[in-house]
Amino acid sequence: MVLQIELGAIRANWLALSDRSGKARAGAVVKANAYGLGGERVAPALYGAGARDFFVALAGEGQAIRPHLADDARIFVLSGHMEGADLDGLVPVLNSPQQYFRDRSLRPGQPFAIQLDTGMNRLGMEPAQWAAIRDEVLAEGPALIMSHLACADEPDHPANPMQLAAFHAMTEGCNVPRSLAATGGILLGPDYHFDLTRPGVGLYGGLPFAQARQVIRLSLPVIQTRDVAPGEFVGYGAAWVADSPRRIATVAAGYADGLHRAMSGKGANLYAAGTACPIVGRVSMDLITVDVTGLAKVPEALDIICPAQPVDALAELAGTIGYEILTSLGRRYERAYL
Ligand SMILES: *Cc1c(COP(=O)(O)O)cnc(C)c1O
């Protein structure tokens, strides 16, 4: 089970999104272990491409990559200052007045950022909370003021200009670097770029960055091959029955490896050097069965994520989004970096 990760493609995607960020500087979102691809390898590769501002969800994720980045790299923690968090060497993004006062009493003089809620109602200070402490916060010199768009992957969604206007209203005259756009926001254009952008999924080859270079190839070894006669079934629930003589290969990965059971019977394929082999029967925890009748010779491994079936194509078949496929790819894969 080899998950091949092309660091050069991640770097190229960062450079492309940095270019699309116009005058703004591009950061890099490496939360959830760099979307499952390995933060300790991905973050230094992005630093090598020029990224200096990294975003993680949790302080622990920040501590995991801190030793792999030079001192001039800033690591922002999106969950802010939670009780007991080890924020040494990190920059918490403070989401509420409570987090702000906790942080200032425990980390006086240390760098911090502020998150404002412009309508998503998930994280950040609400307009009235912000108005009440804004002058005091600005006197402390935040490193960044940011907010997050709920619908940036739908360019025509009315929430985009609404959140943009709210962000302007809340940050006018602050004289602090501002950040609003993730991958989708970068593609909305210069009005959304401000001073720093925060691309995540596009770095890893996912939508909404349709021009992204693909980053991963996932190959699953064939454990066993067998011939089944018409009328024989394959897998749990006997959900698939052969209507003609078929050759079936069983490969070593399943839903415990992030290959969701929901993709059973939805037309997903595995690929042998570009030749499609349909998944048959149900995806089990550690195994997937594949119809390889069309192959002259069954290879040692078949690809489930490859140029013919990129992450977002597989996600659609599983009824989810590329983000969830990437972050579900489990710990059982050997990660090979190119
Ligand atoms: C996850 C996240 C990002 C990155 O979003 P993508 O859509 O993956 O580019 C940026 N900002 C915040 C606050 C996030 O939570």
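What's counted below: heavy atoms across the whole structure, side chains too, no hydrogens, waters or symmetry copies. Read the numbers this way: they start at 1 and go in the same order the structure lists the ligands and their atoms.
The shortest N/O to N/O separation between Gln115 and ligand 1 does not fall below 3.5 Å. Some N or O of Gly200 is nearer than 3.5 Å to an N or O of ligand 1, by distance alone. Note: an N/O pair closer than 3.5 Å links Val201 and ligand 1 by distance alone.
Counting protein heavy atoms only, atom 5 (O) of ligand 1 is closest to Ala182 CB, 3.3 Å. Protein heavy atom at the shortest distance from atom 8 (O) of ligand 1 is Tyr35 OH, 2.5 Å. Looking at atom 9 (O) of ligand 1, its nearest protein heavy atom turns out to be Thr183 OG1, 2.5 Å. When hydrogens are left out, the protein atom nearest atom 1 (C) of ligand 1 is Lys31 NZ, 1.4 Å; that is the closest non-hydrogen contact. Protein heavy atom in closest approach to atom 11 (N) of ligand 1: Arg198 NE, 3.0 Å.
Tyr333 and Val283 end up in the same hydrophobic cluster when Ile, Leu, Val, Met, Phe, Trp and Tyr side chains are linked at under 4.5 Å.
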#### Entry: side chain to side chain contact (heavy atoms under 4.5 Å, CB included) between Asp257 and Met1, worked out
CA-CA 10 Å; Asp257 305 294; Met1 297 159 74; 3.4 Å; yes
### Task
Walk me through it: do Phe101 and His81 pass the test ring-ring contact (aromatic ring centres under 6.0 Å, His included)?
CA-CA 10 Å; Phe101 291 117; His81 193 153; over 10 Å; no
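Heavy-atom neighbours of Asp88 CG from other residues, nucleotides or ligands within 6.0 Å: at or below the threshold of 12.
For Thr183 (side chain) and Phe209 (main-chain N/O), no donor-acceptor pair under 3.5 Å exists by modelled atom type. Panel note: side chain Gln63, backbone Asp86; a donor-acceptor pair is recorded below 3.5 Å.
Cation-pi contact between Arg74 and Phe54: absent, since separation from the ring centre below 6.0 Å together with deviation from the ring axis within 45° is not met.
For Pro199, the closest heavy-atom approach to ligand 1 falls below 4.0 Å. Distances from ligand 1 to the non-hydrogen atoms of Tyr323 include at least one value under 4.0 Å.
With a 4.0 Å heavy-atom cut-off, ligand 1 is reached by the side chain of Arg122 but not by its N, CA, C or O.
Residue contact check: Met146 has heavy atoms under 4.0 Å from atoms 13 (C) of ligand 1.
Between Lys31 and Glu61, none of the side-chain N atoms (NZ, or NE/NH1/NH2) sits under 4.0 Å from a carboxylate O, so this pair counts as no salt bridge.
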